[in-house]
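Have a look at the structure below before the remarks.
Every chain is numbered from 1 and lettered A, B, ... according to where its sequence line falls, protein lines coming before strand lines. For clarity, every value in this text was computed on a predicted model and none was experimentally measured.
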Amino acid sequence: MLKFAPYLLKTLWRHRARTMLTVSGSAVALFVFCFVGSVQHGLDSLTSQSESTLIVFQANKFCPATSHLPQDYDQIISKIDGVRDIVPIQVFTNNCRASLDVVVFYGVPAAKVRTIRDFTLVEGSWSEFENSQDAGIVGETVARRRNLKLGTKFSVGDVKVTVAGIFKSSNKSEEDYVYTHLDFLQRTPGMDLVGTVTQHEVILDSSVDPNAIARKIDDRFRGGPVETDTRTKGVFQASSLADLVELIELSHYLGYACVGLMTMLISTTTFMAVQDRIKEHAVLQTLGFSGYLVFGLVLAESVLISVGGGVVGTGLAMLTLAGSGLSVGAEAVTIAFTPSVKLAMASLTGSLAVGIAAGLFPSIAAAQSNIVDGLRQA
Amino acid sequence: MLIEIRNLTKTFQKGDEIITPLRNVDLDIDEREFVSLMGPSGTGKSTLLNQIAGIDKPTSGTITVNGTEVTRLSRTRLAKWRAANVGYIFQTHNLIPVLTAYENVELPLLLLPFSRAERQRRVQIALEAVELLDRASHYPRQLSGGQEQRVGIARAIVTDPTIVVADEPTGDLDSTTSALILELLQRLNSQLGTTLLMVTHDTDAAMVAGRQLRLDDGRLIADSATRLTEKKDESRSA
Ligand SMILES: Nc1ncnc2c1ncn2[C@@H]1O[C@H](COP(=O)(O)OP(=O)(O)O)[C@@H](O)[C@H]1O
Ligand SMILES: [Mg+2]
């Protein structure tokens, strides 16, 4: 087949405008495919990361507002082998559903925030936060969105907080949260929460099996006083994102639709190329080219165009994704658009498959065409 | 005998009308023969040529070339047979426009088990035979009509085929160029021993061949009645 490479490449070059347009169209399609795929990938990495952190939630509850666990469960859980640390957390949110403006309060024992998170304060001070009951530190994203400054008092529902600091985190999704004192949030007027928390965050030794510990915790509290449902942080986040996951899956179909469109585009181009060269293919067959060889040559044309578009589109998408750091947020979790080698490989493999699928029918048509009729064409 | 054609019939259906350009044709062609085929336009000369070249199948009858009954070969085997045994010279050269003269001539060799060096040797010999070695790197659009036709002839002889067929090879050329092409064909036949079957409607052109045939109303008539084996009327009606 390599012997025919000059013929193939010169043929594509002869119709370079058409070739370039089709390659560009394919590149756009695969660019979109990679973008959509990267959101899916970000979601996947959310659910797989945080393996060594468990979230203990009340069994059969889904919104933070309805989960109530005894705070002193922390004493029992901390004695389990493999548990390095445990933090009782009260969560308060203004909206349980997926939304673009969700404010999430995390009530945590004030001194613990510094140890369990990697926050850097860009404004304010830790001592101010730790020494003042109604103080809160807010992530940069919330601060920007709600225009919060140091010392601002702001309230969501009955919760009134004074901004004592603004923080940055290596985990961008954390910057969507407000951290307050645990007991402050528990004493919110109208909510009788003293002694209970929404969840416990359990930090494990890296060597242990998180699922085994999760089972151990749930078994310990089976039958009361309050049953628990313990999952890794990743799985927990994925289930709280359920609504958004559906949207992401929908957009995934749009990615596939783009690939379908690309198939038709390349198919059209290849059909045109075949129709332009009915006589040429008849001449080749007269010289002794078999139907299989003509089939292979036309298919190779289609595959070259498709993979060419794949390389360009995938390359541009990966560069853009790596450079822009886009993300989409909802409720308590943020999903980052994540480029990856795996995604790039999937996209390139896809372009190869598209080339074959699109070229199949034109190739068969060319291979089976009648030689004498072809020669009689003007 | 190199080529034996027996009882060859070809019919076409055009709407309700059935056309029979070849009716029980018998023909023998010997090795190293140069045969011309004349006749009015639309009588079936190309159709007969195409049966012999193996790019079309007869309705009935057989063609045997060098012991191979080509009319029985499958489409793929027939392609393979053509690559090794047939050189086809078209009325319009039908060169591949994106390929140079050299690449055009090399094309049929790519189908046969030749090394790169052997291919190069053969292309050079073929281009030399048509006196176009100096135009090897030219594209068809950079050549004159006569030069294009000579490249087409080089492409037809480069594999050293069993038979070369030519369908009105001078039909598109002026008289001076035609004479040149005819002389070239005659030289290929006499010097290289190429077996040639040429369709033409030009009597002068036909005269360069060693034997002249005429096709009329589906039947072959010998112009110079050497070895024509026409069916007797009795056997046809039987
Ligand atoms: N594929 C075809 N379908 C229908 N009729 C055809 C076909 N090919 C040739 N014919 C008819 O067969 C006859 C002989 O054609 P052809 O062999 O091309 O004639 P010639 O080469 O002698 O001019 C013509 O009447 C032509 O119209
Ligand atoms: Mg004809």
Indicate the atoms forming the closest heavy-atom contact of A:Y7 with B:I96, along with that distance. CE1-CG2, 3.7 Å

Where does B:N94 contact chain A at under 4.5 Å (heavy atoms): side chain, backbone, both or neither? both

Region of B:T92 in contact with chain A, defined by heavy-atom distances below 4.5 Å: side chain

If you draw a 6.0 Å radius around CZ in B:F12, do more than 12 non-hydrogen atoms from other residues or ligands fall strictly inside? yes

Anything in residues 277-291 of chain A with a heavy-atom distance to chain B below 4.5 Å? Please list those residues in order. A:K279, A:E280, A:V283, A:L284, A:Q285, A:T286, A:L287, A:G288, A:F289, A:S290

Heavy atoms under 4.5 Å from chain B: which residues of residues 363-374 of chain A carry them? A:A367, A:Q368, A:S369, A:I371, A:V372

Looking at A:K3, I'd like to know if its NZ atom is crowded, meaning that more than 12 non-hydrogen atoms belonging to other residues, nucleotides or ligands lie closer than 6.0 Å. yes

Minimum side-chain heavy-atom gap A:K10-B:T100 below 4.5 Å: yes

Mind ranking B:A156, B:P97, B:P108, B:A53 by heavy-atom pairs under 4.5 Å with chain A and telling me who comes out on top? B:P97

Proximal to chain A - members of residues 109-122 of chain B, heavy-atom separation under 4.5 Å: B:L110, B:L111, B:L112, B:R119

For chain A, which residues from residues 70-77 of chain B have at least one heavy atom closer than 4.5 Å to it? B:R75, B:T76

